[in-house]
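What follows is a short report on a single structure.
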Amino acid sequence: MTIAPDAAVSPRHAALLSWFGERRRDLPWRRTRDPWAVLVSELMLQQTQVPRVVPKYEAFVARWPTAASCASAPLGDVVTAWAGLGYNRRAVNLHRCAAALVADHGGALPTDLPALMALPGIGPYTARAVLAFAHERDDVGVLDTNAARVLARWAGRSLGRAEAQRAADEAVPPGQGWAWNQAMLDLGATVCRPRAPRCDQCPVSRSCAWSVAGRPGPDPAIGSAGGSTGQSTFAGSDRQGRGRLVDALRRAPVDAFDLPAAMGWPDDPARATRVAATLVADGLAQIDESGTHRLPA
DNA sequence: GTCCGGTTGT
DNA sequence: ACAACCGGAC
């Protein structure tokens, strides 16, 4: 197979794809095109960094290799398998998504954007990731904050959300949807970083408007992907109590009487009850008639 | 202590 | 439009 010159593929495409080909890491979700496995990996990678996802991902897809197997497991088992990943509500969403896949799609992932986005826990990013990384579509740009930053710097100005998505879609070279999108995410994460970008190591700095212009302030990436809102103190927060209770529930059910201690508020049972109710509302816990809390069946 | 992030619900 | 969700990195 020869590599024919292709007028539609720019030097930027060639440089980035070649960069990715040389330095790509051999990660488990890069060895599969199975849509369910890709979905699981993307949901985990949204919130957690690669080294910690690897073992969780492998254990998860080994235990639940299909949407149907996941859907038929108790939600509590899925929440327990999620331990250490954070954002436990996403384990609930994944379980609901698996059930919806079985109910509405024969246990398979849809191959079109609207159907994917209609599923619980799947938004614009994850839907396009499934299309690009599982179905190997080459007409969708996978846009996370990393890719958005890369595109804004290439353009030399901040891009609105719809504008960035359009640019991401248009940048995908024909037949290279999988590699191109993987490369974009990698470039944003490791080279085109939010602060202290490594333009000297960037394979496409010569076609980057911001870099060519000498990186004038303000950074065009600022504002293109929503500024971060400061996180309030964790210690003593409701979040901390939620986390403590879910951890306790992963080990055993918790009697109503033991709730305040389990949540770290032995002197504030009212607060424990109130915050535990938010967990129930999120589908992460159940209360039986005697007041015992447990992970959902 | 501060920052990070995609989806959901307000 | 924006806060909540999490736990780990820095």
Side-chain angles (χ1 to χ4, degrees), chain A residues 38-57 78-98 100 113-133 140-150 152 160-162 164-165 168 181 184-186 188-190 192-197 219 221-250 263-264 274-285 295:
Chain A
V38 167
L39 174 64
V40 171
S41 74
E42 289 301 333
L43 291 174
M44 291 181 171
L45 288 164
Q46 280 174 16
Q47 63 204 37
T48 309
Q49 286 167 350
V50 167
R52 258 168 57 241
V53 167
V54 171
K56 300 288 181 186
Y57 164 82
V78 176
V79 172
T80 298
W82 206 257
L85 289 171
Y87 290 97
N88 294 310
R89 287 193 302 193
R90 296 185 188 193
V92 178
N93 284 338
L94 177 55
H95 191 258
R96 287 179 182 153
C97 181
L113 193 59
L116 284 165
M117 286 186 54
L119 291 162
I122 301 189
Y125 166 81
T126 309
R128 287 180 171 82
V130 169
L131 292 176
F133 299 143
V140 292
V142 180
L143 188 66
D144 69 348
T145 61
N146 290 322
R149 183 172 56 252
V150 172
R161 201 148 159 263
Q165 184 62 66
N181 280 296
M184 286 289 284
L185 301 185
D186 258 17
T190 66
C192 196
R193 305 182 301 177
R195 287 167 300 184
D219 185 341
I222 307 294
S224 70
S228 60
T229 48
Q231 176 174 286
S232 41
T233 308
F234 180 67
S237 68
D238 286 0
R239 268 181 50 218
Q240 185 180 38
R242 281 174 61 103
R244 283 189 183 130
L245 181 53
V246 173
D247 276 344
L249 295 177
R250 285 199 259 246
M263 300 179 79
R274 172 174 58 76
V275 174
T278 69
L279 241 26
V280 174
D282 286 343
L284 275 163
L295 294 180

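Lettering of chains follows the sequences in order, A, B, ..., and the numbering in each one begins at 1. Atoms considered below: every heavy atom in the structure, side chains included; atoms not considered: hydrogens, waters and symmetry mates.
Residues from residues 41-53 of chain A placing a heavy atom under 4.0 Å of any atom in DNA chain B, listed by number, are A/Q46, A/Q47. Interface residues of residues 115-131 of chain A facing DNA chain B, ordered by number: A/L119, A/P120, A/G121, A/I122, A/G123, A/P124, A/Y125, A/T126; criterion, heavy-atom separation under 4.0 Å. Proximity of residues 85-92 of chain A to DNA chain C (heavy atom under 4.0 angstrom from any strand atom) is restricted to A/G86, A/Y87, A/N88, A/R89.
For the side-chain hydrogen bond (donor to acceptor under 3.5 Å, both in side chains) test, no residue two or more places apart in sequence or in another chain qualifies with A/R193. For A/Y125, there are no ring-ring contact (aromatic ring centres under 6.0 Å, His included) partners, not counting sequence neighbours.
Between the CD atom of A/Q240 and the C1' atom of C/dG8 there is a distance of 15 Å, rounded to whole Å. C/dC6 atom P lies 11 Å from atom CE of A/M263, rounded to whole Å. The interatomic distance linking A/D282 (CG) with C/dC5 (C1') rounds to 8 Å, in whole Å. For A/R239 and B/dG1, the CZ to P distance is 14 Å, given to the nearest whole Å. Atom-to-atom, CG of A/L279 to P of C/dA4 comes out at 16 Å; the value is rounded to the nearest Å. One can place CZ of A/F234 at 10 Å from P of C/dC6, the figure rounded to the nearest angstrom. A/R96 places its CZ atom 12 Å from the C1' atom of B/dG9, with the value rounded to the nearest Å.
When side chains are defined from C-beta on, A/D238 counts as touching A/R274, because their heavy atoms get closer than 4.5 Å.
Note that CG of A/L185 is 6.5 Å distant from CG of A/N146, once rounded to the nearest 0.5 Å. Rounding to the nearest 0.5 angstrom, the gap separating the OH atom in A/Y87 from the CE atom in A/M44 is 15.5 Å. Atom CH2 of A/W82 and atom NZ of A/K56 lie 10.5 Å apart (nearest 0.5 Å). We find the CG-CZ distance between A/L94 and A/R96 to be 11.5 Å, quoted to the nearest 0.5 Å. With rounding to the nearest 0.5 angstrom, the CG atom of A/L43 is 6.5 Å from the CD1 atom of A/I122.
No contact: A/D238 has no heavy atom under 4.0 Å from any strand.
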Exercise answer: donor-acceptor pairs, residues 46-53 of chain A side-chain atoms, under 3.5 Å, sequence neighbours excluded:
{"from": "A/Q46", "atom 1": "OE1", "to": "A/R90", "atom 2": "NH1", "distance (Å)": "2.8"}
{"from": "A/Q46", "atom 1": "NE2", "to": "A/T126", "atom 2": "OG1", "distance (Å)": "2.5"}
{"from": "A/Q47", "atom 1": "OE1", "to": "A/R90", "atom 2": "NH1", "distance (Å)": "3.4"}
{"from": "A/Q47", "atom 1": "NE2", "to": "A/L85", "atom 2": "O", "distance (Å)": "3.2"}
{"from": "A/Q47", "atom 1": "NE2", "to": "A/G86", "atom 2": "O", "distance (Å)": "2.9"}
{"from": "A/T48", "atom 1": "OG1", "to": "A/L85", "atom 2": "O", "distance (Å)": "3.0"}
{"from": "A/R52", "atom 1": "NH2", "to": "A/G84", "atom 2": "O", "distance (Å)": "2.9"}

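Comment: A/R149 does not engage A/D219 in a salt bridge, judged by the lack of any side-chain N to carboxylate O separation of less than 4.0 angstrom. Between A/R250 and A/D247 there is a salt bridge, since a side-chain N of the basic residue sits under 4.0 Å from a carboxylate O of the acidic one.
Comparing A/N93 and A/N146 by the nucleotide of DNA chain B whose heavy atom lies nearest to each, the residue mapping closer to the 5' end is A/N146.
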